[in-house]
There are 2 protein chains.
Amino acid sequence: MRALSRAADGGKQVTSSHEMGEHLGISPAQIRKDLSHFGEFGKQGTGYNIEHLSEQLRRILGVEQEWAVAVIGAGAIGKAIVRYGGFSGRGFRVAAVFDNDPGKIGRSINQLEVLSTERLGSTVRQREIRVAMLAVPAEAAQRVVEKLVEAGVEAILNYAPVSLIVPSPVYVRHIDPVIALQHMTYYLAQKPA
Amino acid sequence: MRALSRAADGGKQVTSSHEMGEHLGISPAQIRKDLSHFGEFGKQGTGYNIEHLSEQLRRILGVEQEWAVAVIGAGAIGKAIVRYGGFSGRGFRVAAVFDNDPGKIGRSINQLEVLSTERLGSTVRQREIRVAMLAVPAEAAQRVVEKLVEAGVEAILNYAPVSLIVPSPVYVRHIDPVIALQHMTYYLAQKPA
DNA sequence: TAGATTGTTAATCGATTAACAATC
DNA sequence: TAGATTGTTAATCGATTAACAATC
């Protein structure tokens, strides 16, 4: 999608696996292989029609539908998530924010009222939330996860620096900047400053 | 490291590949293989001494040294990063924050003064910063990356939702919550609500 | 027709897992 | 000695890449 936007911005109608790969740091073969898994979207000798491929990808990614997301934790990270402008147009909408600090409950972030975690279950059900982003302190994370799973949440993006234990039908992914940094500095440590 | 902390909290002196794997969702064979790449840290029939393995891992990961990190962008994400408590003790320290908004320059976040991006090069050199976290709007990202590379930064953790082009000796990793969410909702879309 | 680029097959590469001798 | 667990080899699995016929 990014490669397509970029090519469209350049005024193009059509792009190639080579061009997309170059922009994304992926081999052209990889691009073609991945796309072909879902269908035949290109024309030999010509490449891919940007608008057509874009539509197809949106359909495949399920971006046409909008997912309601709950944010748990209204601290610095939670606030940044709620204010983040990058969700709209990419398939997600923050539909609720929770915290258990009475000083935060009732306040608004981006015109969204911070709710008590006591209302988590009912709100998740009412607003048909299937996805949550977890931005609470490490100690609280596992407890909150259990509440989320009980409320029917099926996918959790975890910002807390702990491993979570969940029943297997629930998807969990972890965003940990420290681990991402370590991936890079591990190699830097091998070479001189 | 997480598995070790957890086992230590449970009052244990020794743990096994099986136990660590269970906690992290990784196979015991994987754990042993990865560790054995760096040396022999365990005892047959017994397992791994937690304190000893912990020390070895810290040495291998280069966590004993502390990396000075620059944060570029003092918006919601940049602020959350600077305030994030999870860096200390894990090998990283935010050593500088930059923004180009005159309304933000000179203010403090966590007792750290926001500096003008004009001072980026000189500050990076003075404070021996080799790692940067990029939290600027998408449009500004590529331009800032070029400044960072020119200043000698060798690793960049990118929070902006765009692909960056860098000369190959510079490491780049990307944190994009939308992509992480899509990884999960792609599967959710296949099954009924 | 000549050039370009797809979709796909086959080859390569790397990562994961199973299995087990070694040994605490 | 019996049971447990390591480190490592070999087998398996999956992902990536190279190459090319098909064709626009």
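Residue numbers start from 1 in every chain, and the chains themselves are labelled A, B, ... in the order their sequence lines are given, proteins ahead of strands.
You'll find the side chain of L112(A) stays beyond 4.5 Å of the side chain of V71(A), heavy atoms only.
Linking ILVMFWY side-chain heavy atoms closer than 4.5 Å, directly or via other members, places F41(B) and V14(B) in two distinct hydrophobic clusters.
Note on ring orientation: taking the six-membered ring where Trp is involved, the planes of F92(B) and F87(B) are perpendicular (angle over 60°, cut-offs 30° and 60°).
Nucleotide dT16(C) is matched to dA11(D) when pairs are restricted to Watson-Crick or G-U wobble geometry with both distances under 3.5 angstrom. Under the Watson-Crick and G-U wobble criteria, each requiring two contacts below 3.5 Å, nucleotide dA22(D) is paired to dT5(C).
At the phosphate of dG7(D), OP1 or OP2 sits under 4.0 Å from a side-chain N or O atom of Y48(B). At the phosphate of dT6(D), OP1 or OP2 sits under 4.0 Å from a side-chain N or O atom of S17(B). Close to dA22(C), at under 4.0 Å from its OP1 or OP2, lies no side-chain N or O of Q44(B).
Atom pair N49(B):CG and dT6(D):C1' shows a separation of 14 Å (rounding to whole Å applied). Rounded to an integer number of Å, the gap from CD of E22(B) to P of dT5(D) is 13 Å. If you measure from atom CZ of F38(B) to atom P of dT8(D), you get 14 Å, rounded to the nearest angstrom. Between Q30(A) atom CD and dG7(C) atom C1' the separation is 14 Å, expressed in whole Å. Between the C1' atom of dT23(D) and the CZ atom of F41(A) lies a distance of 19 Å, rounded to the nearest Å. Rounding to whole angstrom units, NE2 of residue H37(A) and P of dT8(C) are separated by 11 Å. Nucleotide dA15(D) holds its C1' atom 15 Å from the CD1 atom of I31(A), rounded to whole Å. Rounded to an integer number of Å, the gap from CG of L35(A) to P of dT17(D) is 15 Å.
In this structure, K147(A) places its NZ atom where more than 12 heavy-atom neighbours from other residues, nucleotides or ligands lie under 6.0 Å away.
Residue S27(A) places its side chain closer to dT17(D) than to any other of dC24(C), dT6(C), dT17(D). Comparing atom distances between the E40(B) side chain and each of dG7(D), dT6(C), dT17(D) picks out dG7(D) as nearest. Listed candidates were dT17(C), dT17(D), dT8(C). Nearest to the side chain of A29(B) is dT17(C). Between dT6(C), dC24(D), dT8(D), one nucleotide has an atom nearer to the side chain of K33(B) than all others, and that is dT8(D).
Remark: the backbone N or O of P177(B) is not paired with any side-chain donor or acceptor of R173(A) at under 3.5 angstrom.
Residue order along DNA chain D, read from the 5' end via each residue's closest nucleotide, puts R32(A) first among R32(A) and G45(A).
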